[in-house]
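Just so we're clear, the structure is a prediction, and the values are computed from it rather than from any experiment.
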Amino acid sequence: KQEVTQIPAALSVPEGENLVLNCSFTDSAIYNLQWFRQDPGKGLTSLLLIQSSQREQTSGRLNASLDKSSGRSTLYIAASQPGDSATYLCAVSWGGGSEKLVFGKGTKLTVNP
Amino acid sequence: SAVISQKPSRDICQRGTSLTIQCQVDSQVTMMFWYRQQPGQSLTLIATANQGSEATYESGFVIDKFPISRPNLTFSTLTVSNMSPEDSSIYLCSVDSGSREAFFGQGTRLTVV
């Protein structure tokens, strides 16, 4: 069964800290992996998309890496800010295109001023 | 990227009634997807909607409970029928913009009383 797991479920850090969120997946034959941000009661905002042929993607203070052989991805957030507080979701597609994304349960991040 | 508008953003409904959720995209897309996020849980795909054909439902979801329309390449509706409190969730519309990146609407927060 194709599953996505995120650890930790929740994380609280002081402002300015660098942090890493983890995502693991069964079945290394992924098509792509996407990280999202979700604010309370809201929809999802796409942060980074990593294709199966890529090792990492960067956007501003965010860097996502992908290691298919070990079934893992990490989202690195540099110099965290209170505005980064949200739930971060990892989603994997095993098919062509982005159909049927399988989501992890997310990591709820709180950045304290 | 794609801009997705969902209506309504939230609703409180009586059990036994039905609610139709609308999803409008600012560009033509082949596939549209409907997800459910139950309280405290991650997202689960309900069905995939292609224009001009019947929607494809995931295991555990049936057309009688979640009928979907896809009249053109920019619009879809999801109806939650004969609602019960267990249907209280956030329902999200998603598209693949063609760049193999998934984009989501802001979601519809449904409470059934």
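- We find the OG1-NZ distance between B/T44 and A/K100 to be 10.5 Å, quoted to the nearest 0.5 Å.
- Other cluster members for B/I68: B/L19, B/I21, B/W34, B/I46, B/Y57, B/F61, B/I63, B/F66, B/L78, B/V80, B/M83, B/Y91, B/L110, B/V112, joined by side-chain heavy-atom distances under 4.5 Å among Ile, Leu, Val, Met, Phe, Trp and Tyr.
- A salt bridge (Lys or Arg N to Asp or Glu O under 4.0 Å) check over residues 80-92 of chain B, counting only residues at least two apart or in different chains, returns the pairs B/K65-B/D87.
- Using a 4.5 Å cut-off between heavy atoms, A/L89 touches chain B through its side chain atoms alone.
- Clustering ILVMFWY residues whenever any of their side-chain heavy atoms sit less than 4.5 angstrom apart, transitively, puts A/Y88 in a cluster other than the one holding A/Y76.
- Hydrophobic clustering (side-chain heavy atoms under 4.5 Å, transitive across Ile, Leu, Val, Met, Phe, Trp, Tyr) keeps B/F75 apart from B/M32.
- Environment of CZ in B/R10: sparse, with no more than 12 heavy atoms of neighbouring residues, nucleotides or ligands closer than 6.0 Å.
- Inter-residue side-chain proximity for B/F33 and A/L101 is flagged as unmet; no heavy-atom pair is nearer than 4.5 Å.
- In terms of modelled atom types and a separation under 3.5 Å, the side chain of A/S46 and the main chain of B/F103 share no donor-acceptor contact.
- Looking at B/I90, only its side chain comes within 4.5 Å of chain A, counting heavy atoms on both sides.
- Only the side chain of A/Q38 comes within less than 4.5 Å of a heavy atom of chain B; its backbone N, CA, C and O stay farther away.
- Checked by atom type and distance alone, the side chain of B/E101 never pairs as donor or acceptor with a backbone atom of A/L49 at under 3.5 Å.
- Other residues, nucleotides and ligands place more than 12 heavy atoms under 6.0 Å from the CD atom of A/Q2.
- Here CZ of A/F103 is found 5.0 Å from OH of B/Y35. Values are rounded to the nearest 0.5 Å.
- Hydrophobic cluster membership is shared by B/L45 and B/M31, with clusters built from Ile, Leu, Val, Met, Phe, Trp and Tyr side chains linked at under 4.5 angstrom.
- Neither the backbone nor the side chain of B/Q6 comes within less than 4.5 Å of any heavy atom of chain A.
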